[in-house]
Amino acid sequence: MFQGKSLFVHFVAVAVLLAVAPLAAEPGPADWPQFRGSARDGISTETGLLATWPEEGPPEAWRVEIGEGYSAISIVGDRLYTMFAGEHEDDPVEFAAAFEASTGKEVWRTVVGEKLDTEFGNGPRATPTIDGDSLYVLGSHGDLAALATADGAEIWTLSLTEAFGSQRPYWGFSTSALVDGDKLVIEGGGGEGKSYAALNKKTGEVLWTTGDGRPGHNSPIALDVMGKRRFVYVAGGKLRCIDADGGEVWAHEWPRGETHASPVFIAPNMIYASGAEGIGATLLRVDESSEDSKVEELWQIPHLRNHFSTSVVHEGHIYGFDNATFKSVSVETGELAWAKRGLGKGSLIYADGHLLVLSDRGKLVRAKASPDGYVESGNIEALSGKTWTAPTLANGHLYLRSHTEMVSYRLGG
Amino acid sequence: MRPPTLLILAALAVVPAGLAGAVNAEVDDVIGKHIEAKGGRANWDKIESLRATGDFTAFSKVAPFTLHRARGNKYHLDHTMNGGRLVIGYDGDSFWWDNFFFQAGPQPITDAVNLAALEREIELRTPLFDYKERGFEAELVEGETNFEGILTVAIQLKRTDDSVETWHLDPDTFLEVARESPGSDFGRPMPSRTIFDEFREVQGAMIPHWIESQWYTRHRIMDIQELEVNVDLDSGLFSMPLATGMALFQKVLGEWDVKVESKQDPRQPEFDESSRASLITASLNGGLVEERYTDKDGVEATRAFSYDRYRDHYVLTQMNSAQTYMDMQTGQFDGDSLIVSNVESGTSFDVFGATLHERCTLSNVSEDGFSLQVENSTDGGENWAISQKLTYARKSPESD
């Protein structure tokens, strides 16, 4: 009996470990642990993906129903996390949820906050950020939470409106939290020095706040320029750069109204950013060689006005949506290389020499990432209805979602 | 010395004029090719009206649309945006819309920014056809021009309001590729670009079947799948509709002879008969239809019908100079009869220990007459007794 019980306990312990082990794993190169991937640049480093797509499109792995929301999909190992709206005890709420990446089977869901209802698309906006055993999620009404990746249990919560005195932006709080070392960087959206904040990622304690400005809809990026850690984002009418302690490094005038697309770092020292207003996109060069950081505007172009979708940069060219026209623009000159209409207000990522583009009505397209011209090498009607969420690529699978469905395609060779 | 100076001055005076003439000739040459490419003036002049149907994309959602046009740039676009219905009209004189964004009924468009944008939208053919007649100025844009990387021949057009737009034409076909112009985003001035594609010949005229507009974060596509020209259209289509729900009441407007049959007491075996005159008028775009009359006892009264779009019911308000309180009755159509009462509205009152409710039924409405029946209840609306039967006959000129 004793021996038998010991074996049983051992079996259970191993089973639990097996179940938990992948969740606590550090993200691998083929994972997509946060908004726009590991480096927040929309670029997958995976190679060896399907060389050609069958006429009917890549094979579908699974398809499941999902609630309303714009949150993108984050993945580490076999766990997929996203957010959506639904009902909980007859109340309209927003959930963070985990699914098996290989099957689409739901593992858990946790209520994050009240559902955002607008006449132009309901549900959560921000994308979960995975960091070890923790998942950081933000509801549309400013409910920030750290959850356990294993079961969705709450580790800590913080209301942005209460902590920073901010008001919900019309389209809802949208910033995808950024983990940097022990810090969680988030837009607080408050005035009087509380526009941005860093929290202790383990406790939610506020470490510092900085800047003024109402909450926007873009997400910050982290970058190293000449060995100096920086965070860059748009807030309060400026494209801003702060250091690891929240100190302002530089601020560039940004008269483009509300900006949804995130800045893009072009190593070693350039930053591209774009807004929907007429001024369009800007390329800045940052000089951190002296005590006083300098920022220089290299060009400003009206013909690449990103709306909700952030561009990607590959081998000297920017690929992105000028509202509803897909374009390639030279990093060096800002000149238009090509333009392609017909994909609506799409969103995109880069992988293995190609751009994976999802139109705003659910058509998935693979096009060559080349400034020489728009060359499409596969497409499929992947989703129906309004589709404003960028694709996710992890471990050879592509993941897409709309307000009603989530689907996975096998792209691995 | 004088002659050379004069010659030089004369040359200075003549050369620019000559150059201007050459430039005009060049732009007119391009416009001539454009008109020819579009099928020629004659074919466009034959188009009296058209009906287009297809899909309209807005806010990343697709829904059917119907567009009617008629000579004089008359315009009626019935489409859906983000699940809400939006109708835009132009009757040849003024613009209106029935715009779900405003949660209100049809109303004139008066905002200058919107009007300027809409004036461009309603043009049946490009303004290059008749730019001179309309007092516009056109000139070719010098140098190499393109629209989104595609080489074009570009013409800058200045309208009489000094606004400037650029028309990009295909250098091979001379059909329009795109228009870059001032636009409007909910009344806020916003540069706009409109792309024209999928040209198909319809009775000799080349008509774009794909019209895509972009401005700010907006994206609209009119994808025409069927287009018929010279269709029979109701002439009233382009006029601003009456207030929502009030079309039927147009028939009750005017001067009336009214036969009044009434009972002071429900136990009274027969109705008393009398007659009076009545005037019914409409105001607020037909949203309020009001009757005014004086009864046989000299009591002045008013009775007004309206429609409450937010509660989806009709409202009758009435008041007279004797009681001087405003009664309100609400209800719906049942078939062709409108039945309203004050059972739900809370404007009933107590008489001799009982609460008196009133119900009115408007029926048999035609151009020549209608009926209005008034009933009362003392049991909360369970049972009704007729207190008045009013028969309206349109007053003829001879009856005065």
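Letters go in sequence order (proteins before strands), and every chain restarts at 1. Note that these values count all heavy atoms, side chains included, but never hydrogens, waters or copies made by symmetry.
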Has B/Glu228 got more than 12 heavy atoms of other residues, nucleotides or ligands less than 6.0 Å from its CD?
yes
Counting heavy atoms not belonging to B/Arg309, are there more than 12 under 6.0 Å from its CZ?
yes
For B/Ser60 and A/Lys345, which heavy atoms make the closest approach, and how far apart are they?
OG-CD, 4.4 Å
Under 4.5 Å to a heavy atom of chain A? For B/Phe101 that would be side chain
Within residues 167-200 of chain B, the residues sitting under 4.5 Å from chain A by heavy atom, in sequence order, are B/Arg188, B/Met190, B/Arg193, B/Ile195, B/Asp197
B/Thr217 vs A/Arg305 side-chain heavy atoms within contact, under 4.5 Å
no
Heavy-atom distances under 4.5 Å only: say whether B/Trp210 touches chain A with side chain, backbone, both or neither.
side chain
Is there a side-chain contact between B/Glu148 and A/Arg341 (heavy atoms, below 4.5 Å)?
yes
For B/Glu36, is the CD atom crowded, meaning more than 12 foreign heavy atoms sit under 6.0 Å from it?
no
For chain B, find its close neighbours in residues 317-338 of chain A: heavy-atom separation under 4.5 Å, sorted by number, or none.
A/Asp322, A/Asn323, A/Ala324, A/Thr325, A/Lys327, A/Leu336
Aromatic ring pairing A/Phe120/B/Phe59, orientation class (parallel under 30°, perpendicular over 60°, tilted between):
tilted
Within 6.0 Å of CD in B/Gln225, more than 12 heavy atoms from elsewhere:
yes
State whether the number of non-hydrogen atoms from other residues, nucleotides or ligands found under 6.0 Å of A/Arg168 atom CZ is greater than 12.
yes
NE2 of A/His307 to CZ of B/Arg218, rounded to nearest 0.5 Å, is 7.5 Å
